Amino acid sequence: MKKLIIEGGRELSGEIKISGAKNSVVALIPAAILTDGKCVIRNVPNISDVNILLEMMQELGSIVTFENETVTIDNRNVKNCRINEEYASKIRASYYFMGALLGKYHHAEIAYPGGCIIGSRPIDFHLNAFTKMGTKVEEEDGIFKLDVDNLHGIDIFFDFPSVGATINVMIAAVKAKGRTRIMNAACEPEIANVASFLSSMGAKIYGAGTSTIIIDGVDTLTDGYIDVIPDRIEAGTYLIIGALLGNNLTITGIIEEHLHSLLFKLREAGVQLDVKNDSITINRNENLKAVNIKTTVYPGFPTDLGQPMSTFLTQCSGESLFEETIYENRMRHIPHLNNMGADIKSFDKTAIIKGKTKLVGRNVKATDLRAGASMLVAGMIASGTTIIYNIEHLLRGYERIVDKLDKVGAYIQLVDD
Ligand code: UD1
């Protein structure tokens with residue numbers, strides 16, 4: 001176990017370059033298994049989820065390299081279609097192997113996926129869609145066995161635009177017979193990124209990034225190639241930190257359009273942003289105003305930025321309302337923020353945040369990945385020393401976080417607990 005030690009209150013200047021998107025790459029790697037050829041994935045962040053997925057690919061028989069932010073995957077010897085239980089339960093994205101192995105072999109065996117405990121996180125949309133495509137789904141001792149003679153295209157309507165289910169069904173449908181139409185599909189930018197990768201292999205996908213995606217199944221796929229899009233959640237986290245501590249802090253390698261909801265809210269609170277092509281320069285503002293945040297699906301305010309944003313709201317004068325609409329357990333960081341001096345009342349999926357409050361360094365816990373980001377922002381602005389335990393959660397989503405923040409002037413150290 002590791003912990004993060006932060007001395008708060010340091011002004012931040014210089015440049016932070018954003019890495020490839022975690023939620024894209026965790027789908028791109030399993031999707032690569034669909035082809036018998038080779039794949040090149042560039043701009044890959046070196047985070048633990050990526051390394052676990054690459055180990056899973058090796059277990060399936062792929063030959064894998066990871067150098068200079070580039071992953072190469074050679075599938076010519078792939079034969080296996082069972083994923084070791086221990087791997088699958090470590091990360092959420094292991095569910096993408098269901099769609100990929102089903103598309104390739106018509107058979108998959110995989111344990112229930114792991115991931116942060118931010119809600120019940122069922123996978124019924126995924127399994128119902130696979131069933132409608134002709135698959136027999138069985139569960140025994142926590143292992144899902146999926147079998148299909150002929151995976152066929154279907155019309156599917158999701159009751160909620162699930163990111164994971166949209167990508168998983170899209171992956172499986174690439175090699176299904178006939179046309180699949182996904183309606184009420186999720187529109188997150190990571191979905192279009194995965195579709196571009198599959199299209200580079202010869203898949204026929206139309207409308208990815210909109211709420212209706214059409215996939216015409218193909219028999220064979222060629223080599224694949226993709227650049228991972230920038231991580232909009234990592235960029236958003238550093239922009240939030242910059243709004244509180246920046247002195248000409250520039251966040252580079254971003255796609256502005258992916259950040260519109262956050263940029264709008266930061267401006268509404270009084271933050272000045274200088275946006276140029278793929279970078280944003282940000283300066284701290286001592287006179288921030290309260291704003292209301294309601295998380296929702298893209299292009300709405302992302303649930304993954306709700307927790308770090310709630311720390312920002314403690315520094316805004318007035319009363320801010322923070323509403324989470326996607327997950328049940330996105331408020332577990334609030335007691336830790338209050339322990340540091342915040343004035344927040346939370347009820348179920350809503351919090352009322354009164355600001356501006358002075359935060360002081362304390363020993364706190366990262367209860368999940370984005371709660372860890374919230375604690376990071378809090379530690380950075382608090383007076384004195386903050387120690388964040390269970391920091392493995394945070395490291396899962398942010399590449400070289402200590403190095404990136406240290407270079408722009410933060411006092412931050414990662415040490416063994
Ligand atoms: C993905 C992201 C996660 C982000 C989330 C919402 C990855 C690896 N993770 O998670 O960072 O917070 O999107 O933007 O990309 N649901 C069901 N049944 C299902 C699937 C989902 O009821 O079969 C519900 C979930 O409980 C949740 C909502 O739908 O309330 C959204 O979940 P979903 O979009 O699927 O999230 P993930 O793909 O797990």
Side-chain angles (χ1 to χ4, degrees), residues 20-31 45 47-50 52-53 56 88 90-100 112-132 137 139 144 146 156-172 182 184-195 209 211 228-229 231-237 258 261-262 294-309 323-330 332 348-349 368-374 393-394 396-398:
K22 167 179 127 4
N23 285 351
S24 226
V25 75
V26 296
L28 293 167
I29 293 171
I47 51 177
S48 57
D49 280 16
V50 165
I52 293 168
L53 286 166
M56 289 161 99
K90 274 187 189 164
I91 55 171
R92 181 85 190 144
S94 54
Y95 53 37
Y96 292 130
F97 281 107
M98 288 185 176
Y112 199 86
C116 287
I117 306 163
I118 49 179
S120 58
R121 309 193 86 178
I123 56 167
D124 53 325
F125 298 167
H126 308 233
L127 299 177
N128 289 344
F130 294 147
T131 305
K132 284 192 178 140
V137 178
E139 195 209 327
F144 287 95
L146 283 70
I156 182 91
F157 175 87
F158 288 133
D159 289 337
F160 185 88
S162 152
V163 173
T166 300
I167 294 180
N168 222 351
V169 173
M170 186 169 76
I171 292 172
I182 308 175
N184 200 21
C187 301
E188 271 70 359
E190 291 76 20
I191 290 153
N193 200 208
V194 176
S211 60
V228 182
I229 55 169
D231 195 309
R232 63 199 164 94
I233 307 301
E234 185 199 16
T237 306
H258 295 173
S261 58
L262 172 69
K294 183 173 186 169
T295 66
T296 181
V297 296
Y298 188 83
F301 197 93
T303 173
D304 287 346
L305 282 177
Q307 287 158 299
M309 191 65 178
E323 279 180 273
E324 164 66 26
T325 71
I326 315 271
Y327 292 113
E328 301 91 6
N329 295 334
R330 283 288 205 197
R332 297 198 303 165
D348 195 14
K349 296 200 282 183
D368 57 69
L369 167 53
R370 306 303 170 185
S374 152
H393 284 300
L394 182 72
R396 278 187 40 231
Y398 294 84

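Counting from 1, the numbers follow the sequence of the chain as shown. Whatever order the structure lists ligands and atoms in, that order sets their numbers, starting from 1. Computed from a predicted model, the values in this text were never measured in an experiment.
- Some N or O of Tyr95 is nearer than 3.5 Å to an N or O of ligand 1, by distance alone.
- Scanning both residues, Ile182 and Thr166, for their nearest heavy atoms gives CD1-O, 3.8 Å.
- For the residues Arg370, Glu188, Glu328, Arg92, the heavy atom positioned nearest atom 39 (O) of ligand 1 is part of Arg92.
- Close contacts between ligand 1 and His126 involve ligand atoms 23 (O) [criterion: under 4.0 Å to a heavy atom].
- In this structure, Ala186 does not count as a contact residue of ligand 1, since none of its heavy atoms falls inside 4.0 Å of the ligand.
- Minimum heavy-atom separation, Lys294 to Phe301: O-CB, 3.6 Å.
- Residue Gly164 approaches ligand 1 through these ligand atoms, each under 4.0 Å from one of its heavy atoms: 35 (O), 38 (O).
- The heavy-atom pair separating Pro161 from Val297 by the smallest distance is CG-CG1, 3.9 Å.
- Of the N or O atoms in Lys22, none lie within a sub-3.5 Å distance of an N or O in ligand 1.
- The structure places NZ of Lys132 at 12.5 Å from CG of Leu127, a figure rounded to the nearest 0.5 Å.
- The shortest non-hydrogen separation linking Val137 to Thr131 is CG2-OG1, 3.7 Å.
- Contact annotation for Phe158 and ligand 1: no heavy atom of the residue comes within less than 4.0 Å of the ligand.
- The Arg330 neighbourhood of ligand 1 comprises atoms 12 (O), with distances under 4.0 Å to a heavy atom of that residue.
- Minimum heavy-atom separation, Thr296 to Thr325: CA-OG1, 3.8 Å.
- Annotation for ligand 1: atoms under 4.0 Å from non-hydrogen atoms of Asp304 are 3 (C), 4 (C), 11 (O), 12 (O).
- Both the backbone and the side chain of Ile326 come within contact range of ligand 1, each with a heavy atom under 4.0 Å.
- In terms of polar-atom proximity, defined here as any N/O pair under 3.5 Å, Val163 does make such a contact with ligand 1.
- Under 4.0 angstrom from ligand 1, the non-hydrogen atoms of Phe160 all belong to its side chain.
- Using a 3.5 Å distance cut-off with no hydrogens or angles, the side chains of Asn193 and Ser24 do pair a donor with an acceptor.
- For atom 20 (C) of ligand 1, the choice among Ala21, Ser94, Pro122 with the nearest heavy atom turns out to be Pro122.
- Qualifying ring pair (Phe, Tyr, Trp, His ring centres under 6.0 Å) partners for Tyr95, counting only residues two or more places apart in sequence or in other chains: His126.
- Heavy atoms of Tyr298 found under 4.0 angstrom from ligand 1: none, in either backbone or side chain.
- The salt bridge (charged side-chain N to carboxylate O under 4.0 Å, His left out) test applied to Glu234 returns Lys404, not counting sequence neighbours.
- Atoms of ligand 1 lying under 4.0 Å from at least one heavy atom of Thr303, given by number and element, are 6 (C), 12 (O), 14 (O).
- In terms of polar-atom proximity, defined here as any N/O pair under 3.5 Å, Ala165 makes no such contact with ligand 1.
- Nearest heavy atoms, Arg396 versus Ile47: O-CD1, 3.4 Å.
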